[in-house]
Number of protein chains: 2
Amino acid sequence: MRQPRRLSYNLVASMKIRPAKEADHAAIWNIFREVVAAGDTYALDPNMSRKDALAYWFASGTHTYVAEQPAIGVVGTYILRPNQSGGGSHVANAGFMVSARARGQGIGRAMAEHCLSEAHRLGFRAMQFNYVISTNTAAIRLWQELGFEVVGTLASAFRHPDKGYVDVHVMYRSLLEHRVRRGQRSRPIN
Amino acid sequence: MRQPRRLSYNLVASMKIRPAKEADHAAIWNIFREVVAAGDTYALDPNMSRKDALAYWFASGTHTYVAEQPAIGVVGTYILRPNQSGGGSHVANAGFMVSARARGQGIGRAMAEHCLSEAHRLGFRAMQFNYVISTNTAAIRLWQELGFEVVGTLASAFRHPDKGYVDVHVMYRSLLEHRVRRGQRSRPIN
């Protein structure tokens, strides 16, 4: 098992993760714009408008959070929502964004742990990431450390701005036990 | 290889598949309501309103079609759209609905073949079904016959109205060759 990365104690220890409010819109948009403009981690239009971005991040049924550091302000944001409606609404989906100036400090991990706790509290039975781009190795490593498994791979499903067509993973974990046990993963039937 | 099912010659031979127009809204809503109310094939709210249903089926960027039989009227409908935005917009997604009174006639297959042709014409490089419920064996068999493969399985991701929690498949095929060759499927990396 990989050791957790050393955290920047000051930044993460004093960081508060809380539900987002309207006063956070400007900070969220700054982070969102930066992440989406890079075009290498989300399948979203890099030129998405502020209005569309905030409508997406604060959509009906979506729980929106920010990670705030007192001396710095909002350094990250995440959303938690049902991945599907109707008979699929017990599976959560989440999306995470960290300000470029605050990366490598454990903020993504802190938000992900908060998110799993919130998902459990809200009664979700599993969590699914629909679209983890295979070149986003830091995210894949983090999700695996948090009990997610790659349950499927979509060949050449993402056009990376530098690397061309790359694979995309679907990642999934149950929330019914602390950690998905090895060997429990469902396998394709064909 | 499984033999194609015998078709009802009269119904399918005279059937026309064409882009939907506003005059089709009532017929589409009848089919949509019936399919979604059954709650066993789509992860949508079974009580979805007509307005929300049509907004979903005719969303911006979505191509909507109907299958029409002269003597009967609209017997099926499907949508074709990018599965993601930005760097993921070259992969298509589609959804199909057939009127209960017209099932088992090959209408789903005829619409799926039309859809693959349209997707190719529109320049999509692959097609993905995000959410094929494992109990929907007729659909799975049809997609496999049309070259799709199960690339991942989501354990207990759908709450079936009769069967409880059942698995859901992600299915995928390239559109760059006539048929996905055996053995080319991407496999999970973990």
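Everything numeric in this text was worked out from a predicted model, so none of it was measured.
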Common cluster, [X]/[Y], ILVMFWY with side-chain heavy-atom separation under 4.5 Å:
{"X": "A/Val66", "Y": "A/Met111", "value": "no"}
{"X": "A/Phe58", "Y": "A/Tyr78", "value": "no"}
{"X": "B/Phe96", "Y": "B/Met48", "value": "no"}
{"X": "B/Ile17", "Y": "B/Ile79", "value": "no"}
{"X": "B/Met15", "Y": "B/Met97", "value": "no"}

* **Residue pair A/His90, B/Tyr165: steps toward the ring pair (Phe, Tyr, Trp, His ring centres under 6.0 Å) verdict** => CA-CA 10 Å; A/His90 60 286; B/Tyr165 292 103; 4.7 Å; yes
* Residues forming a ring-ring contact (aromatic ring centres under 6.0 Å, His included) with B/Tyr56, sequence neighbours excluded -> none
* **Any residue meeting ring-ring contact (aromatic ring centres under 6.0 Å, His included) with A/Phe124, in chain and number order, not counting sequence neighbours** => none
* Output the residues of residues 27-45 of chain B for which the shortest heavy-atom distance to chain A is under 4.5 Å, in residue-number order; output 'none' if no such residue exists. => B/Ala43, B/Leu44, B/Asp45
* Structure fact -> Residues passing the salt bridge (charged side-chain N to carboxylate O under 4.0 Å, His left out) test with A/Arg121, sequence neighbours excluded, are A/Glu118
* **Distance in Å, B/Leu154 CG paired with A/Gln84 CD, rounded so as to fall on 0.5 Å steps** => 9.0 Å
* At what distance, to the nearest 0.5 angstrom, does OH of A/Tyr172 lie from OG1 of B/Thr153? -> 10.5 Å
* Asked: Which bit of B/Ala157 is near chain A, if near means a heavy-atom gap under 4.5 Å: side chain, backbone, both or neither?
  -> both
* Asked: Just wondering, do B/Val151 and A/Val151 contact through their side chains at under 4.5 Å, heavy atoms?
  -> no
* Can you find a pair of side-chain heavy atoms, one from A/Asn130 and one from B/Val170, that are under 4.5 Å apart? -> no
